[in-house]
Protein chains: 2
Amino acid sequence: MRKGEETRTRILDVAEAAVLQKGFGGTSIEELIAETGITKSGFFYHFRDKNELAKALLNRYIENDERIYDEIFSRARELTGDPLQSFLLGLKLLSELLSDLPNGHPGCLVATVCYYERLFDREIQETNRNAVLAWRRRFGRMLREIVEIYPPREPVDVDQLADMVSSVLEGGIVLSKTLKEPNTLAEQVLMLRTFVKMLFLPVAEMPRA
Amino acid sequence: MRKGEETRTRILDVAEAAVLQKGFGGTSIEELIAETGITKSGFFYHFRDKNELAKALLNRYIENDERIYDEIFSRARELTGDPLQSFLLGLKLLSELLSDLPNGHPGCLVATVCYYERLFDREIQETNRNAVLAWRRRFGRMLREIVEIYPPREPVDVDQLADMVSSVLEGGIVLSKTLKEPNTLAEQVLMLRTFVKMLFLPVAEMPRA
DNA sequence: CCCCTCCTGTACCGGCGGTACAGTTTTCGG
DNA sequence: CCGAAAACTGTACCGCCGGTACAGGAGGGG
């Protein structure tokens, strides 16, 4: 029935916001049911325990994340056939999306799970690992297309460069949140874009000077 | 008295390892006293509450962090007078130090605090913010010396570039921990080094081809 | 009408953060 | 070597939280 899914989604929404602000250990089920307007029995009807809540939360987060990247980079791909140009455009679009977030990026669940690892079962840790590997494959795929056309100015490992995208995003989120400077994350993505541009684009002429 | 300091340090050691693996919310005082071999009363003799433990933990972590960066970059500075070369050497030394960690980087307390923020008081959040700002100043100072000599190939904001160092470190730690690939962090630092080199070093001749 | 989904209500358990406070051992300066 | 301060231990207690158990009820669809 549909009603159940709706309640489940509401719980996940409340839980996600809470977890990103306080971590899993800092988020109590009691507060979730209070904010959702549900009873404890109702909560445990939907999720067997906290671990299963985490599992659902993480899976939903990762799926949504993938969807966003799909949209951004396929849109960029439609606008230009060149793999480098579309990658650079994708980073630009991503940075714009990030700087449009009113209260800054709320945080990444993958990082939250990473800093809570020991209290989750293997399945969650594997899910998290696979999410990061999916990023590596995603950006790696695009970068491999690029290196086929544009010889990199310096020898680089494509997977490591793909990981750099994830690094800058994860790190940028931490910086942005800690500094309470919402724009820092978007700036970091643009900085990465500059580097990618420099790495693959032929040497630009010194502008009249 | 010295004995007190010693016990205090032992508690902090145990707590730091636990917090980096499970977060603050996931770390119970009971487990800390069990592992330290102390009683609950003993614990509360040293720290008024969990918040004060966090405060001491974070301050100690930041001080140690600063000390490590001081050592690395002053050593690099002694080996060469050129600011760019010493910065690049510093990044190399840092990556070597990171890849020598037997079990990989244990995690960054600044990130842990960042993902737990709402349950700490303002003082801790300010301490954390100041730690990140100190990184920005540290790397910014070095980069400003560089740009005075080496015109960057692309226009960049020095503070944003300084933040990039922190981003890659924080992000690299998350990736390394999540992937359970200890080397990823060191590789990311070297990748950043490549970018800095590309940005400031005059165009290298294409190697015979 | 009955069954299934989607809950509510009640009662209970043990662990944990935290408090209070009295008492004991250890340490070190004088 | 003594005495005072430092560095604990022991005990008892509180309320919140995660989790379990289970009985029951509303509401809609076949």
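Below, read A as the first sequence line, B as the second, and so on, with proteins coming before strands; counting in each chain starts at 1.
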side-chain N/O B:Y45 vs D:dA7 OP1/OP2, d < 4.0 Å | yes

Under a 4.0 Å heavy-atom criterion, the protein footprint on nucleotides 15-25 of chain C, written with B, S and -, is -SBBB------

Only pairs at least two apart or in different chains count here, so list each ring-ring contact (aromatic ring centres under 6.0 Å, His included) that has a residue in residues 15-43 of chain A.
-> A:F24-A:Y116, A:F24-A:F120, A:F43-A:F47

May I have the distance from A:R8 (atom CZ) to C:dT5 (atom C1'), rounded to whole angstrom?
-> 14 Å

Phosphate-side-chain proximity, B:H46 and D:dA7, N/O vs OP1/OP2 below 4.0 Å | no

With sequence neighbours left out, what residues match A:R193 under salt bridge (Lys or Arg N to Asp or Glu O under 4.0 Å)?
-> none

List in chain and number order the residues that pass salt bridge (Lys or Arg N to Asp or Glu O under 4.0 Å) with A:E16, two or more places apart in sequence or in another chain; answer none if no residue qualifies.
-> A:R60

Side-chain donor-acceptor contacts of residues 164-173 of chain B below 3.5 Å, not counting sequence neighbours, with atom names and distances?
from: B:S167; atom 1: OG; to: A:Q188; atom 2: OE1; distance (Å): 3.0
from: B:S167; atom 1: OG; to: B:D163; atom 2: O; distance (Å): 3.4

What pairs of donor and acceptor atoms, side-chain ones from residues 139-149 of chain B against any protein atom, are under 3.5 angstrom apart with sequence neighbours left out?
from: B:R144; atom 1: NH2; to: B:D159; atom 2: OD1; distance (Å): 3.2
from: B:E145; atom 1: OE1; to: B:R77; atom 2: NH2; distance (Å): 2.7

A:T7 side chain N/O closer than 4.0 Å to the phosphate oxygens (OP1, OP2) of C:dC7?
-> yes

Under 3.5 Å, which N/O atoms of the protein pair with N/O atoms of nucleotides 25-28 of chain D?
none

Quickly work out the A:E52 CD to D:dG18 P distance and round it to whole Å.
-> 16 Å

Across all chains, not counting sequence neighbours, the salt bridge (Lys or Arg N to Asp or Glu O under 4.0 Å) partners of B:R138 are B:E66, B:D70

With sequence neighbours excluded, what pairs up with A:E63 under the side chain to side chain donor-acceptor pair (under 3.5 Å) test?
-> none

May I ask you to decide if the ring planes of A:W135 and A:Y69 are parallel, tilted or perpendicular, using 30° and 60° as cut-offs?
-> perpendicular

